[in-house]
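Computation of the quantities below employed the complete heavy-atom set of this structure, encompassing side-chain atoms and omitting hydrogens, waters and symmetry-equivalent molecules. Every chain is numbered from 1 and lettered A, B, ... according to where its sequence line falls, protein lines coming before strand lines.
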Amino acid sequence: MARREVVVETRNLSMHFGGVRAVDNVDFELREKELRCLIGPNGAGKSTFFKCLTGQLRPTSGDVVIRDIIMTGRESHEIASLGVGIKTQVPNLFDGLTAVENLWLSSRRWHGDRRANTLVKETIDRLELGEIRSSIVGSLAHGQRQMVELGMVVAAEPWLVLLDEPAAGMTEEETFKTAELVREINKTSALIVVEHDMNFIRAISDIVTLFHQGSIFMEDKMDVISADPNAREIYLGHKT
Amino acid sequence: MRLYGTFNGTLVIAGLAIVFTLIAPSIFQFFTIITLTQVIGLSILALSLALVWGFGGILCFGQSAFFGIGAYAYSVAAVNIGGSTGSILIAILAAAVFAAILGYFVFYGKVSDVYLAVITLTVSLILYSLMRRTSGPEYKIGNALLGGFNGTGSAPLNMPGDGSAMLFPMQTFYVSMAILVIAYVFTGWLVTTKFGRVCVSIRENEVRTELLGYDTRLYKLCLFSISAGIAGLGGVLFCVGVTRVTPDVFSLGQSALAIIWVIVGGRMTLIGPILATFVLYFLTSSLGSQQILNANLVLGIILVVFVLLVPNGVVPTIMNWFERRRTKRYERQKERRMKLRKHRAIG
Ligand SMILES: Nc1ncnc2c1ncn2[C@@H]1O[C@H](COP(=O)(O)OP(=O)(O)OP(=O)(O)O)[C@@H](O)[C@H]1O
Ligand SMILES: [Mg+2]
C-alpha cells in the first residue's frame, strides 16, 4: 500500500518555559486521513505541543509544517484558515450565545449563508443537540458544552481536526457517543486527539503517541503500548 | 438567534422615529427644535459607542475624539469648499481614517483591552489640549482659523449642490432626524450581517473566534473605524446645531457623558443609548436652569444607581420583562390546553 501524504509535521519542535522543557525536540508526522491519539501523564506536554500546532504558542525552536507550508509562529486564525478544526482543553465557547449561534459562527467561516444553515441543522441532528439548540451555552452542563464544541468542529467540515481532551468530564454515554463521532469524522478528515480516557482511546485508536516529559516516548498500537513495561511505568508512576 | 436581534425590530423603531419627526414641530417649541439638532448629534455619538463597545466589546473611552474630529473636519472643510454635503463626507472619512490608523497600532500591536481604553482617552485629551493652543492667525487650515479655546464657526447645512441655499432650522431638524434614522438603520443592519455577528463573537470570546479562523484584528479594526465614522457624523450635526465647535468636544466630560448614555440606555441595544441621550440631555439642561441641585451631581447619582441596580440598562431590562411575561402567558395557555385535553380524554 502506498504511504499517504504527510499533512502535519513537526521538526525538532521545542517549547521551553524558563527552565521547563514542556516540549523537547519533537519530530512528529501525521498522514492524510490518519487518526492519531496523544497520551501521556499530566504535564507531559501534550497541550503545549497542541498549542504550538494551533498557533496559540510560538515555539522556542523547530518548525510546524502543515501540508508543506511552514506555519511556525503563525497566528491561530491563519492556521485555522487552512481548514483546521480545533477544540482546546479548556472549554472555549461563546458563552453568551445559543448553541445554534455557536455552530453557525463556525460553519459560516467556510460556507455561504445557506450552506452554513444546512450544515448547522445537520450537525444538530447528528449530535442530538436538538433539545439545547436555543439554550445559552453558558448555562449548559459540562458534557453538553463539550458536545457543542465538537459540533462547532463538525459544522465547519475541516480536513484536519485537532481535539484536546474531547471526552473530559463526560458521562459514559456521552463518551461513547463522542468516540463514535470521532470515528465518523475520521472518514473524511485526519485527526489528532489528546485524551486520558483509556476506554475512549481503545474505542477509537489506531496508532498512539505516548508523550513523556516533553518528548515522544513511544509510538505504536495501543495494545503494544499497554503491554510495554516502561510505558506502564510512566503511567503508573504518575497515577498515585 | 436572540442575542443578535432582528432587523425587523430596527425597522419598527425607525418607523416610530419618522412619526416622531413629523409630529415634533407641533408639540415642541421652536427653540427646542433648534436644540434637538445638537442632541441628535450627541445621540449618534452614543449610537457609535453602543456599536463598538456594546456589540464589539471594544471599550473606547475616547469615542469623543472621533466625534470632535468630525466636527472640526466639517467646520474647516465647509469654509474651504463652501457647502455642507461634501464637508459631511470629509468629516466622516477624517474620523474613520484617523481611527483606522490609531486602531492599526492598537489592534495589530495586540494592546490589551484596558490599555485600549486608556489610549483612546489619552488621544482625546491630547487633541483637547492641542486644539486649545491653536489661537492666533497662524493656526489655520486653508481659509479656516482654528481659533484656540474659542473654537471655530460651523456653517449651517445647505441644499446639496447649492452652497448658498441654507436650510432653515426646521429643515435642519428634518435632515438631522433623517441622518439619525439612516445611521440607526445602518448599524442595526450591520449587526445582523456576518461581519456584525463575528464582532459579537469576538466580544464573547476572542480566542475562540481566532481559532475558528477569523482574523479578529481585522474585524476589530473595521468595526472601530466604522464606529468612528459614525461618531464623526454625530460631531457634524452637533457643531451644526451649536453653530460652532470648540475644543470641549474632546474633553473628559464629553467622553464620560457618552459612556453614561450607553450604560443607562443599555449597551447591548442600539436604541437604548439614543433614547438615554435625549432623556438625560433634557434632564440635565432643565436642572441647569435651577440652583438647588447640581446637574453633574444628579448625573453621577443616576450613573451609580444604574450600575448597581440596572446594570443592563433600561431598554434590555424592559425587553426582558416583556419576554418573561410572554413566556409565562404561553406556558399558562399550554397548561390550560393540557387540562382541557385530559378532561376530554376522561369525559
Ligand atoms: N504558560 C506556561 N508557563 C509555564 N509553564 C507552563 C505553561 N504551560 C504549560 N507549562 C508547563 O509545561 C508542562 C507541560 O504542560 P501541558 O499542559 O502541556 O501538559 P499536558 O500533557 O497537557 O497535561 P494534562 O494532561 O494535565 O493536560 C507542565 O510542566 C506545565 O506546568
Ligand atoms: Mg493538557
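Note that CG of A:Asp113 and NZ of B:Lys194 are 9.5 Å apart. Values are rounded to the nearest 0.5 Å. Here the CZ atom belonging to B:Arg217 is positioned 4.5 Å from the CD atom belonging to A:Glu75, to the nearest 0.5 angstrom. Atom CG of B:Leu211 is separated from atom CD of A:Glu149 by 9.5 Å, given to the nearest 0.5 angstrom.
Across every non-hydrogen atom of B:Leu212 and A:Ala80, the tightest pair is C-CB, 3.9 Å. Summarising the geometry of B:Arg208 relative to A:Lys87, their closest heavy-atom pair is NH2-CA, 4.5 Å, with the distance given to 0.1 Å.
Using modelled atom types, one finds a donor on one side chain and an acceptor on the other under 3.5 Å when comparing B:Asn205 with A:Asn92.
Neither the backbone nor the side chain of A:Ser134 comes within contact range of chain B; no heavy atom of the residue lies under 4.5 Å from a heavy atom of that chain. For A:Glu78, no part lies under 4.5 angstrom from a heavy atom of chain B. Of the two parts of A:Leu82, neither the backbone nor the side chain holds a non-hydrogen atom closer than 4.5 Å to a non-hydrogen atom of chain B.
B:Tyr104 OH: 12 or fewer foreign heavy atoms inside a 6.0 Å radius. Shown here is B:Tyr115, whose OH atom has no more than 12 heavy atoms of other residues, nucleotides or ligands within 6.0 Å. In this structure, A:Arg21 places its CZ atom where only 12 or fewer heavy-atom neighbours from other residues, nucleotides or ligands lie under 6.0 Å away. At most 12 heavy atoms of other shown residues, nucleotides or ligands fall within 6.0 angstrom of atom CZ in B:Phe61. Summarising the local packing, CZ of A:Arg115 is surrounded by more than 12 heavy atoms from other residues, nucleotides or ligands at distances under 6.0 Å. Atom CD of A:Glu131 has 12 or fewer neighbouring heavy atoms from other residues, nucleotides or ligands inside a 6.0 Å radius.
Put simply, the side chain of B:Arg197 does not reach to within 4.5 Å of the side chain of A:Arg108, judged on heavy atoms. Contact of the A:Leu105 side chain with the B:Thr209 side chain is not registered, since no non-hydrogen atoms from C-beta on lie closer than 4.5 Å. Proximity of B:Arg203 to A:Phe94: side-chain heavy atoms (C-beta onward) are nowhere separated by under 4.5 Å. For the pair B:Glu204 and A:Leu97, the minimum side-chain heavy-atom distance is below 4.5 Å.
Looking only at heavy-atom pairs under 4.5 Å with chain B, the residue among A:Gly85, A:Gly55, A:Ser106 that has the most is A:Ser106. Interface remark: of the candidates A:Leu93, A:Val153, A:Thr88, A:Leu93 forms the most heavy-atom pairs closer than 4.5 Å to chain B.
The backbone N or O of A:Arg109 lies less than 3.5 Å from a partner atom in the side chain of B:Tyr214, making a donor-acceptor pair. A donor-acceptor contact shorter than 3.5 Å links the side chain of A:Ser81 to the backbone of B:Gly213.
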